[in-house]
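Have a look at the structure below before the remarks.
From a predicted model like this one, the values you see are computed outputs, not experimental measurements.
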Amino acid sequence: MAEWSWIVYTVLEALIAVACCLGNVLVVSAVCVGIRDSLQEPTFCFLVSLAVADFLVGVAAVPLAVLLDGWVSLPPVLCLLLSCVVLVLTQASVLSLLAIAVDRYLRLHTPLRYKALATQKHTWLAVSLCWLVSCLLGFTPLFGWNNNSCLLSDFTNTSSSSTITLPCTFLSVISLPFMVYFNFLGSIMAPLLVMLLLYARIFWSLQGRLKKSCPQAQASLLREKRLACSLALVLILFTICWIPLHLMNCLLLFYGPQAVTQGTLYTGMCHIFGFPYLESFVPRMGSVCVPGRISMREGGRKEVAMVGKEEEKWGSWTWHRNT
């Protein structure tokens, strides 16, 4: 039964990896090729960062997750390094989602300052910061919070540590307390709660503005609301896909191996790696209604301007672009 569950798990992970790669290649192509000057818009830059992170999840993290199930024998240090790569790539996906949420919040609540804040330089600095923080968080076990010392102590009587090769599994080198207290509560739940608060604030603000705005302003606010709904769907997928596996880690930590069966663990891993494929559809839905890309041709000039009484209360929503 265990062998069949591993076969099913491996096949599903292979399908998820292929679909994840193809879906996110389409996202990057749609943004970089299909939309002119797209990378000058902060939202599109964060979407590309998210798609690249999820593409790498399909290319590297999913195959490594299958291999790191005891099917290869590696030195503990190399096994730990490969396990950390999985953490880095998944963390980059999470932080890119957080960056998109912050971008949407700033665009809506600070429209006058947003143009000055969201320069191309600042945007790429934010993208670089997301990846840097992902590396720091993901490679934390390399600095000591791991199970390597326990593994090596069991074999020091038989051979030198430099020649030890053991069946490599993720939880044999990654500490469960690290996965629960640091990765789950600090690196997953904290960004999730921040995103929930930001989108709740966005929906609340949009609802109030729609009731008080003039018809000209309502069109843009409705587009913003549709985009916020698409991104809220990401949060739902995020929760459904990521939380079950981390709850299983909590059960393993507090109740022992008997609390989670092998088949249940495989199901949770399929959930978590299915997320990059599922959310790859959302940027394609949202990218068509990002403010600032709307245009009407009048005498060779494209511009959208919404001015009036709403300016004093909500700020000026004006974009200009020369052909």
Side-chain angles (χ1 to χ4, degrees), residues 24-25 27-57 61 85 87-140 183 186-202 205 224 227-228 230-235 237-238 242 275-276 279-280 282-293 315 317 319 321:
N24 286 287
V25 165
V27 172
V28 175
S29 300
V31 171
C32 296
V33 179
I35 304 174
R36 186 175 60 174
D37 299 330
S38 60
L39 294 183
Q40 294 181 7
E41 291 284 344
T43 302
F44 288 114
C45 294
F46 293 130
L47 288 175
V48 169
S49 174
L50 174 63
V52 169
D54 291 338
F55 174 80
L56 292 176
V57 167
V85 170
L87 295 175
V88 169
L89 295 178
T90 52
Q91 190 64 51
S93 179
V94 175
L95 293 183
S96 295
L97 285 172
L98 179 60
I100 292 173
V102 173
D103 175 69
R104 305 314 306 173
Y105 179 84
L106 293 176
R107 183 189 288 271
L108 184 64
H109 287 85
T110 59
L112 293 176
R113 294 185 58 200
Y114 180 80
K115 197 70 176 179
L117 288 172
T119 63
Q120 196 168 18
K121 178 182 177 181
H122 290 165
T123 300
W124 288 113
L125 281 175
V127 170
S128 301
L129 183 62
C130 286
W131 283 90
L132 177 60
V133 173
S134 298
C135 290
L136 293 175
L137 296 177
F139 285 125
T140 298
N183 187 262
S187 303
I188 301 297
M189 285 303 298
L192 174 60
L193 292 176
V194 171
M195 286 187 277
L196 286 172
L197 291 174
L198 289 176
Y199 283 122
R201 184 71 180 89
I202 288 171
S205 178
E224 191 72 33
L227 178 58
S230 297
L231 295 173
L233 176 61
V234 173
L235 283 185
L237 295 174
F238 181 99
W242 286 79
F275 171 73
E279 62 82 28
S280 68
V282 179
R284 279 177 273 171
M285 291 189 293
S287 63
V288 298
C289 54
V290 175
R293 310 303 298 186
W317 288 52
W319 302 275
R321 179 177 172 185

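- Put simply, OG1 on Thr123 and CD on Glu41 are 9.0 Å apart, with the number rounded to the nearest 0.5 Å.
- For the pair Met195/Leu97, a side-chain contact is recorded, criterion being any heavy-atom separation below 4.5 Å from C-beta on.
- Counting all heavy atoms, side chain and backbone alike, Leu117 lies closest to His122 at O-ND1, 2.7 Å.
- Here the shortest heavy-atom pairing between Pro191 and Leu98 reads O-CD1, 4.1 Å.
- With Ser205 contributing its side chain and Arg201 its backbone, the two residues share no donor-acceptor pair below 3.5 Å.
- Partner Ser134 forms a side chain to side chain contact (heavy atoms under 4.5 Å, CB included) with one of Thr90, Leu95, Val94, Leu87 and no other, that one being Leu95.
- Minimum interatomic distance between Val28 and Ala51 (heavy atoms only, all atoms of both residues): CG2-CB, 3.6 Å.
- Closest non-hydrogen pair, Leu89 versus Leu56, comes out as CD1-O, 3.5 Å.
- Side chains of Trp131 and Ser49: a donor on one and an acceptor on the other come within 3.5 Å.
- The CD1 atom of Ile188 sits 8.5 Å away from the CG atom of Leu192 when rounded to the nearest 0.5 Å.
- Atom CG of residue Leu50 and atom SG of residue Cys130 lie 10.0 Å apart, to the nearest 0.5 angstrom.
- A donor-acceptor contact shorter than 3.5 Å links the side chain of Thr140 to the backbone of Leu136.
- Between Val127 and Cys45 the shortest heavy-atom distance is CG2-O, 4.3 Å.
- Between the CG atom in Leu129 and the CH2 atom in Trp124 there is a gap of 14.0 Å [rounded to 0.5 Å].
- Contact record, Tyr199 with Ala101: OH-CA, 3.5 Å, taken as the closest heavy-atom pair.
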Criterion side-chain contact (heavy atoms from CB on, under 4.5 Å) on Ile202 and Arg104, from CA distance to verdict: CA-CA 8 Å; Ile202 288 171; Arg104 305 314 306 173; 3.9 Å; yes
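- Annotation: side chain of Asp103 is in contact with side chain of Tyr114 (closest heavy-atom distance under 4.5 Å).
- Taken from CG in Leu198 to CG in Leu108, the straight-line distance is 11.0 Å, to the nearest 0.5 Å.
- Side-chain contact between Gln91 and Asn183 is present, with heavy atoms from C-beta onward closer than 4.5 Å.
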